[in-house]
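Here the structure is a predicted model, which means the values were calculated and not measured.
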Amino acid sequence: MNVFIYDNSFEGLLTAIFDSYTMKIVPDQIMPYGIWQQNFFSNNISIVTDENKAKRVWSGLEKKLSDKACQMPYKAFLSELNQEMLVYRFIRKVFESTCNIEKKFGDDDVLSIKKLNRKVTREACRMLEFARFQKTQDNIYYASISPKYNVLPLIFRHFEKRFTDQQWIIYDIKRSWGMYYNLTCTAEIKLELDNVDKYTGRIAKSVMSDTEDVFQILWKDYFDAVNIKERKNKKLQMNFMPKRFWRFIIEKNIDMIKADT
């Protein structure tokens with residue numbers, strides 16, 4: 001059994017696909033370091049990530065697929081659902097087919113990657129809707145997220161374009177990494193989060209801007225004012241805003257959320 005071991009990056013996965021062609025070896029498994037366990041009966045092949053090899057695979061995909069379909073293997077990778085072999089099979093089929101296969105839904109791999117793409121895209125859209133920023137004393141706007149899939153790489157460009165005149169941090173507390181925009185560029189960061197409630201994602205009052213608390217109170221008052229109690233439909237509300245997001249929403253009463261879960 002041939003097992004490719006890589007560094008759990010998308011570039012590493014593309015490198016594994018490139019090496020599969022050059023070595024003429026079809027992997028039975030592609031696994032990240034740390035998850036892989038030594039097996040006496042397996043032929044373990046360590047993949048060294050090579051950006052040039054990854055770019056050649058990606059360029060090949062761009063020639064064979066539409067822009068949207070080209071993103072499907074990347075989003076499948078971001079799902080973190082151990083989809084390496086699905087991505088591998090899909091990309092091989094793209095290269096080996098004489099026609100565009102992106103709508104060939106009779107193929108199990110094409111259909112599976114399409115469904116996964118839809119799930120990850122939907123989660124990214126929800127992060128754009130439900131991210132709530134809080135202003136710190138350093139005039140940095142901070143937002144905690146905890147998405148089901150690793151969608152931060154898909155959404156930070158949106159905030160770059162929308163909030164060009166503000167410093168901000170979007171931090172994925174589930175995966176312990178985030179993106180920081182300093183008015184010039186965006187960089188990946190890791191924080192200790194000593195002043196952030198890891199359940200609600202809210203910053204401590206000791207580091208909160210003096211005006212932030214006032215704005216939060218005003219927002220809650222507005223939310224209560226427009227809320228018509230007689231028309232409250234909790235089931236419908238959860239369809240549009242799943243309960244797993246409630247703890248990050250400023251207008252929600254966190255004590256009621258804890259009591260209801």
Go through it in stages, so that I can follow the logic: the residues are Arg247 and Ser146, the test is side chain to side chain contact (heavy atoms under 4.5 Å, CB included), and I'd like the CA-CA distance, side-chain angles, deciding distance and then a yes or no. CA-CA 10 Å; Arg247 58 194 171 109; Ser146 183; 3.9 Å; yes

Over all atoms of both residues, closest heavy-atom pair of Met127 and Pro147: SD-CB, 3.8 Å

Using the ring of Tyr149 (Phe, Tyr or Trp, six-membered ring only), decide whether Arg122 places NZ or CZ under 6.0 Å from its centre and within 45 degrees of its axis. no

Taking the side chain as C-beta and beyond, is there a heavy-atom pair between Glu188 and Met179 under 4.5 Å? yes

Could you tell me how the ring of Phe245 sits relative to the ring of Phe130: parallel (under 30°), tilted (30 to 60°) or perpendicular (over 60°)? tilted

Check whether any side-chain heavy atom of Leu14 lies under 4.5 Å from a side-chain heavy atom of Phe18, and answer yes or no. no

Smallest heavy-atom separation, Pro153 atom then Tyr74 atom, equals CB-OH, 3.3 Å

Please confirm whether the backbone N or O of Leu78 pairs with a side-chain atom of Asn150, one donor and one acceptor, at under 3.5 Å? no

What heavy-atom pair brings Asn44 and Ser42 nearest, and what distance separates the two atoms? OD1-OG, 2.8 Å

Side-chain (Arg202) to main-chain (Ile249) donor-acceptor, under 3.5 angstrom: yes

At what distance, to the nearest 0.5 angstrom, does CG of Leu116 lie from CG of Leu86? 7.0 Å

Candidate list Asn182, Thr186, Ile140, test side-chain contact (heavy atoms from CB on, under 4.5 Å), partner Ile169, passing option: Ile140

CZ of Phe77 to CD of Glu84: how many Å apart, nearest 0.5 Å? 7.0 Å

Enclosure of Lys174 NZ (heavy-atom neighbours >12, cutoff 6.0 Å): yes

Distance flag, aromatic centroids of Phe133 and Phe163, threshold under 6.0 Å: yes

Less than 4.0 Å between a side-chain N and a carboxylate O, is that true for Arg157 and Glu160? yes

Go through Tyr6 and Leu13 one step at a time and tell me if the side chain to side chain contact (heavy atoms under 4.5 Å, CB included) criterion holds. CA-CA 7 Å; Tyr6 78 114; Leu13 180 55; 4.0 Å; yes

Check whether any side-chain N or O of Glu123 sits under 3.5 Å from a backbone N or O of Lys148 as a donor-acceptor pair, and report yes or no. yes

Counting neighbours of CZ on Arg244 that are heavy atoms of other residues, nucleotides or ligands and sit closer than 6.0 Å, is the number greater than 12? yes

Nearest heavy-atom neighbours spanning Pro73 and Val87: O-CG2, 3.7 Å

Pairwise distance CG(Leu154) to NZ(Lys75) - rounded to 0.5 angstrom: 6.0 Å

Would a 4.5 Å heavy-atom cut-off, applied to side chains only, mark Leu152 and Trp177 as touching? yes

Is there a path of hydrophobic side-chain contacts, each under 4.5 Å between heavy atoms of I, L, V, M, F, W or Y residues, that connects Val48 with Phe4? no

List the steps, then state whether side chain to side chain contact (heavy atoms under 4.5 Å, CB included) holds for Lys93 with Lys104. CA-CA 11 Å; Lys93 288 177 180 179; Lys104 191 178 179 181; over 6 Å; no

Hey, does the side chain of Thr15 reach the backbone of Lys53 with a donor-acceptor pair shorter than 3.5 angstrom? no

Nearest 0.5 Å, please: how far is OG in Ser176 from CD in Glu192? 9.5 Å

For Phe159 and Tyr141, I'd like to know if the aromatic rings sit close, meaning centre-to-centre distance below 6.0 Å. no

Any chance the side chains of Asp138 and Thr136 put a donor and an acceptor closer than 3.5 Å? no

Kindly say whether Ala69 contributes a backbone atom to a donor-acceptor pair with the side chain of Glu102 at under 3.5 angstrom? no

Measuring only between side-chain heavy atoms, which start at C-beta, is Phe90 closer than 4.5 Å to Met85? no

Closest approach of Met72 to Ile113 (non-hydrogen atoms, all atoms of both residues): O-CG1, 4.0 Å

If we only count heavy atoms from C-beta on, is the Asp50 to Asp19 side-chain gap below 4.5 Å? no

Can you tell me if Glu62 has over 12 outside heavy atoms packed within less than 6.0 Å of its CD? yes

Could you give the distance from CD (Gln167) to NZ (Lys135), rounded to the nearest 0.5 Å? 11.0 Å

Any side-chain heavy atom of Ile101 sitting closer than 4.5 Å to one from Asp107? no

The reported gap from CD1 in Ile145 to CZ in Phe248 (rounded to nearest 0.5 angstrom) is 8.5 Å

Applying side-chain contact (heavy atoms from CB on, under 4.5 Å), can you list everything that pairs with Thr164, at least two apart in sequence or on another chain? Tyr181

Considering all heavy atoms of both residues, which atom of Gly12 and which atom of Ser9 are nearest to each other, and what is their separation? N-OG, 2.9 Å

Checking Ser20 against Arg92 for the side chain to side chain contact (heavy atoms under 4.5 Å, CB included) test, could you report, in this order, the C-alpha distance in whole Å, the side-chain angles of both residues, the deciding distance, and whether it holds? CA-CA 10 Å; Ser20 171; Arg92 283 202 68 120; 3.5 Å; yes

